[in-house]
Amino acid sequence: MAEPAIGPATGRNERLFMTPPATDAHIRRDTDPTNSNTKRISPAPTTDAERQSADVCTSLNGASEPGPAAPSPETVPAYAADPGDHDAVLGQFLDVHGDWEKWRTWSDDTTHAIHESQTLRVERVHEAYPSESTWTVAAYETPVSDRLWHLTMTGTTPAPVLQTLLGSLADGDVWDTAIGSPATEKTVAQATRALTDAGWQHTVDGRWIRWETAQGDAGVQFDAFAAQQTASVLSTWTLWAGPSINQPTWAMNASAYTPAPLIANLTGELAHGIGTRQQRPQLTSTPPAAAPALPKTRPSPRR
């Protein structure tokens, strides 16, 4: 038998690349009058089952519709607002108040904002869980004396409350409290007047005096015993919001001798301030739609 010829143009074995013969059902004659005897291969007609399968695939893989637009923020009481960007709030405060200076630690984990008198200092810890105390405010009689009072705050504290705190620190009359001035009945009434005016519920439980909203989602607690302990680690004031004071979404704790005007500014923000909160998407209980079943096809008969 003679060897298959190698085409001069392609250098390939022409027999190996020949198109396999087609059946008469798949062949139509060319209408070109100059080449009437030439046969061309035409695809087999699409069956009903194949068309149904293609329609199902198209419906499953069709162009996805754009998702719903993100909901706009809702207006809520200040104590229920989003925390926002605490670092940005601190940066804006330092830009406006030139008598405060910013210091960073060698590891950049903590930022310090120090008043020019060096008797009032703010510490902001960056590498901490939001539920932990990431803010500490401390006041001193002199740059080298013992601490007079301090206040701590979690990283989830709403931005309006943080802004009120920093703004109050910029007012010297607020934090310049006299030495040896513990909380009295008069100063407590001054610090919580906004809560009383707003109709917050007032209760007394032994040494604790509490003010809470009617729905119980925010409150202020005063510890009369801790207020008399100058060296105690107990918190005299606790401001919070969330499910309960023991499981707050955010919390602020202040020691004895914390200036009543400062507490008054904060409670006023809780009682009358407003903020924004991104609306949470509502989960639906409707089960997802089942994918349409593919049509059953019969095997094509052999030809």
Quiz item: Is it the case that one hydrophobic cluster holds both Val125 and Leu166, taking links as side-chain heavy atoms less than 4.5 Å apart, direct or via other members?
Solution: no
Quiz item: Does Ser145 reach the main-chain N or O of Glu141 with its side chain, forming a donor-acceptor pair under 3.5 Å?
Solution: yes
Quiz item: Is there side-chain contact between Val137 and Leu165, with heavy atoms separated by less than 4.5 Å?
Solution: yes
Quiz item: Using the benzene-type ring in the case of Trp, are the ring centres of Phe222 and Trp237 under 6.0 Å apart?
Solution: yes
Quiz item: ring pair (Phe, Tyr, Trp, His ring centres under 6.0 Å) with His97: which residues, sequence neighbours excluded?
Solution: Phe93
Quiz prompt | Donor-acceptor contact below 3.5 Å, side chain His202 vs main chain Leu195 | solution = no
Quiz item: Quick one: does Gln221's side chain get under 4.5 Å of Ile245's, heavy atoms only?
Solution: yes
Quiz item: With distance as the sole test, does Thr267 use its side chain to make a donor-acceptor pair with the main-chain N or O of Ala194 at under 3.5 Å?
Solution: no
Practice problem: First locate atom OH of Tyr140, then atom NE2 of His115, and finally report the distance between them rounded to the nearest 0.5 Å. | Solution: 15.0 Å
Quiz item: Linking I/L/V/M/F/W/Y whenever their side-chain heavy atoms sit closer than 4.5 Å, directly or via other members, would Val220 and Val204 fall into one cluster?
Solution: yes
Quiz item: Would a 4.5 Å heavy-atom cut-off, applied to side chains only, mark Thr119 and Pro143 as touching?
Solution: yes
Quiz item: Which distance, rounded to the nearest 0.5 Å, do you find between the CH2 of Trp100 and the CD of Glu116?
Solution: 10.0 Å
Quiz prompt | pair Thr157-His86: side-chain heavy atoms closer than 4.5 Å | solution = yes
Quiz item: Does the side chain of Ile114 come within less than 4.5 Å of Trp103's, by heavy atoms?
Solution: yes
Quiz prompt | Where Leu266 and Val161 come nearest, the two heavy atoms and their spacing | solution = CD2-O, 4.0 Å
Exercise. For residues Trp208 and Asp223, report the shortest heavy-atom separation together with the two atoms involved.
Key: NE1-OD2, 3.5 Å
Quiz item: Would you say Val89 and Leu169 are hydrophobically clustered, going by side-chain heavy atoms of ILVMFWY under 4.5 Å?
Solution: yes
Quiz item: Which pair of heavy atoms, one from Gln201 and one from Ala214, lies closest together, and at what distance?
Solution: NE2-CA, 3.8 Å
Practice problem: Any chance you could measure Leu151, atom CG, to Met252, atom CE, to the nearest 0.5 Å? | Solution: 5.5 Å
Quiz item: Can you tell me if Asn265 uses its side chain to pair, donor with acceptor, with the backbone of Thr164 under 3.5 Å?
Solution: no
Exercise. For Asp99, look at atom CG and say whether over 12 heavy atoms of other residues, nucleotides or ligands are found less than 6.0 Å away.
Key: yes
Quiz item: Can you name the one residue among Leu162, Asn253, Thr134 that meets side-chain contact (heavy atoms from CB on, under 4.5 Å) with Met153?
Solution: Leu162
Quiz item: Looking only at atom types and distance, does a side-chain atom of Thr187 sit under 3.5 Å from a main-chain N or O of Ala183, one as donor and one as acceptor?
Solution: no
Quiz item: Which heavy-atom pair separates Ser131 from Thr156 by the least distance, and what is that distance?
Solution: N-CG2, 4.5 Å
Exercise. Using modelled atom types only, decide if a donor and an acceptor are shared between the side chain of Asp85 and the backbone of Asp87 within a distance under 3.5 Å.
Key: yes
Practice problem: With rounding to the nearest 0.5 Å, note down the distance linking CD in Glu269 to CD in Gln163. | Solution: 8.0 Å
Quiz prompt | Donor-acceptor contact below 3.5 Å, side chain Ser255 vs main chain His150 | solution = yes
Exercise. Over all heavy atoms of both residues, which pair between Ala264 and Gln190 is shortest? Give the atoms and the distance, please.
Key: CB-O, 3.8 Å
Exercise. With the side chain counted from C-beta on, respond yes when Leu239 and Tyr79 share a heavy-atom pair under 4.5 Å apart, and no when they do not.
Key: no
Quiz item: Do the side chains of Arg121 and Thr136 get nearer than 4.5 Å, heavy atoms only?
Solution: no
Quiz item: What pair of heavy atoms forms the shortest contact from Ala191 to Ile263, and how long is it?
Solution: CB-CG2, 3.7 Å
Quiz item: Any side-chain heavy atom of Tyr257 sitting closer than 4.5 Å to one from Leu148?
Solution: no
Quiz prompt | Rounded distance (nearest 0.5 Å) linking atom CD of Gln247 with atom OG1 of Thr249 | solution = 9.5 Å
Exercise. Quick one: do Leu90 and Trp135 satisfy side-chain contact (heavy atoms from CB on, under 4.5 Å)? Show the steps, please.
Key: CA-CA 11 Å; Leu90 178 60; Trp135 290 87; 3.9 Å; yes
